[in-house]
J.: 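Sharing a structure here in structure tokens format.
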Number of protein chains: 2
Amino acid sequence: MPTAAAIEPLLRAAGLRVTRQRVAVLAVVHEHPHADTGTLIDAVRAELGPVSHQAVYDVLQVLTDAGLVRRIQPSRSLARYEARVADNHHHIVCRGCGTVADVDCAVGAAPCLTPAEAHGFEVDEAEVIYWGLCPACAAPTRANH
Amino acid sequence: MPTAAAIEPLLRAAGLRVTRQRVAVLAVVHEHPHADTGTLIDAVRAELGPVSHQAVYDVLQVLTDAGLVRRIQPSRSLARYEARVADNHHHIVCRGCGTVADVDCAVGAAPCLTPAEAHGFEVDEAEVIYWGLCPACAAPTRANH
DNA sequence: CCGTTTTTCTTGAATCAGTCAAGTCTTTGA
DNA sequence: TCAAAGACTTGACTGATTCAAGAAAAACGG
């Protein structure tokens, strides 16, 4: 778990003001990869005491714009955030419980894939989400045969 | 645009009852690929007269479960639906205006990609979303140099 | 170290896609 | 044509996210 001392330079390097709330939110995202907004708000409050949800939403937006965190939002799921931003890795999402796991990208740099026909779009990122069942959710289905 | 006569067999083949609402919704999804829920509701009402939003939500859910339409939901976007389901194609989303375009999948069948390390997940689909700027949204940025 | 400026946080209300529940109507199959 | 099963309508509700205005805190020049 990153300490406040480790988080501060990240904020300053991104040209952002350093506040208790920002340090706490960024630390919490590091601690809880793929956590949804509600979980993050709870975790921040556990650390700082009362903090408005609005502050957390604002901070997440700012951190996302600054490239310090990445927002992911699989269908039918709340927004989730992760602090792993340097590489262009991907995700596996469980259709059963919604758990998210990281998958390394073979290429590493975005966009790791390029479309065959881009319709004139300027593509800068290829986001890949693998859908399936995690080991826990897949187990019961084995009883079907 | 598919006629009611062309839509009906699709519903019956999927083992679904045929109702005016279902025919209209499925036709509208064919007509407006990648349209969001609000647009679909408006289009259905333009065709049938007053229809509850609830009916449209229900029908879309049923059609999705039956595999007649596919739901896509890029981050920061409302749910969108498309009727192209046979192939495992992908999408390009414009960061500027949210426009969605289809991209053919080189492989065709799901999952077209398999993760290097699946953490024990049973993967059945790889969803790829390319992010970038459509020609219209990219144009203004050219004035920057 | 202090005041000013700028940005951020708090408070409280509002929005809006999507969901729930109960009752009525339509489709299907006999 | 009739009964049973499934769909649709109505109306209220939920819950994540956003808006707006004022209070507080950080940055910066003096």
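Proteins come first, then strands; the chains are lettered A, B, ... in the order of their sequence lines, and each starts at number 1.
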J.: Show, in sequence, the C-alpha distance, side-chain angles and deciding distance for A:R95 and B:D124, and conclude whether the side-chain contact (heavy atoms from CB on, under 4.5 Å) test is met.
T.: CA-CA 10 Å; A:R95 291 190 196 279; B:D124 59 60; 2.6 Å; yes
J.: From CZ of B:R12 over to P of C:dG29, roughly how many Å is that when rounded to an integer?
T.: 8 Å
J.: Determine the minimum heavy-atom distance between A:A43 and A:V28, stating which atoms define it.
T.: CB-CG1, 3.6 Å
J.: Would you call B:R70 and B:E127 a salt bridge, using N to O less than 4.0 angstrom?
T.: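 Looking at B:R70 and B:E127, the cut-off is not met.
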J.: Please find the earliest and latest nucleotides of DNA chain D, in the 5' to 3' direction, that have an atom within less than 4.0 Å of any heavy atom of chain B.
T.: D:dA5 to D:dT18
J.: Answer whether the closest heavy-atom distance between the side chains of A:E117 and B:D104 falls below 4.5 Å.
T.: no
J.: Using heavy atoms to find the nearest nucleotide of DNA chain D for B:P50 and A:L16 separately, return the residue whose nucleotide is more 5′.
T.: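 So the residue in question is B:P50.
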J.: Go through it in stages, so that I can follow the logic: the residues are B:D102 and A:H119, the test is side-chain hydrogen bond (donor to acceptor under 3.5 Å, both in side chains), and I'd like the CA-CA distance, side-chain angles, deciding distance and then a yes or no.
T.: CA-CA 9 Å; B:D102 283 335; A:H119 298 285; over 6 Å; no
J.: Would you kindly give the CZ-to-C1' distance between A:R22 and C:dT7, to the nearest whole Å?
T.: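 Atom-to-atom, A:R22 to C:dT7, this comes out as 8 Å.
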J.: Restricting to side chain to side chain donor-acceptor pair (under 3.5 Å), what partner residues turn up for A:R80, sequence neighbours left out?
T.: A:S77
J.: Round to a whole Å and report the spacing from CG of B:D36 to C1' of C:dC16.
T.: 13 Å
J.: Checking side chain to side chain contact (heavy atoms under 4.5 Å, CB included) against B:L16, which of B:L26, B:V62, B:V59 comes through?
T.: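 For B:L16, the side chain to side chain contact (heavy atoms under 4.5 Å, CB included) test succeeds with only one of B:L26, B:V62, B:V59, which is B:V62.
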J.: Under 4.0 Å, heavy atoms only, any strand: does B:V62 hit a base, just the sugar-phosphate, or nothing?
T.: nothing
J.: Roughly how many Å is it from CG in A:L63 to C1' in C:dC9, rounded to a whole number?
T.: 14 Å
J.: Treating primed atoms plus P, OP1 and OP2 as sugar-phosphate and everything else as base, which nucleotides of nucleotides 18-26 of chain C get B, S or - for protein heavy atoms under 4.0 Å?
T.: BBB------
J.: Under 4.0 Å, heavy atoms only, any strand: does A:R20 hit a base, just the sugar-phosphate, or nothing?
T.: nothing
J.: Between A:I92 and A:I129, is there shared hydrophobic-cluster membership here, with clusters defined by ILVMFWY side-chain heavy atoms closer than 4.5 Å?
T.: no
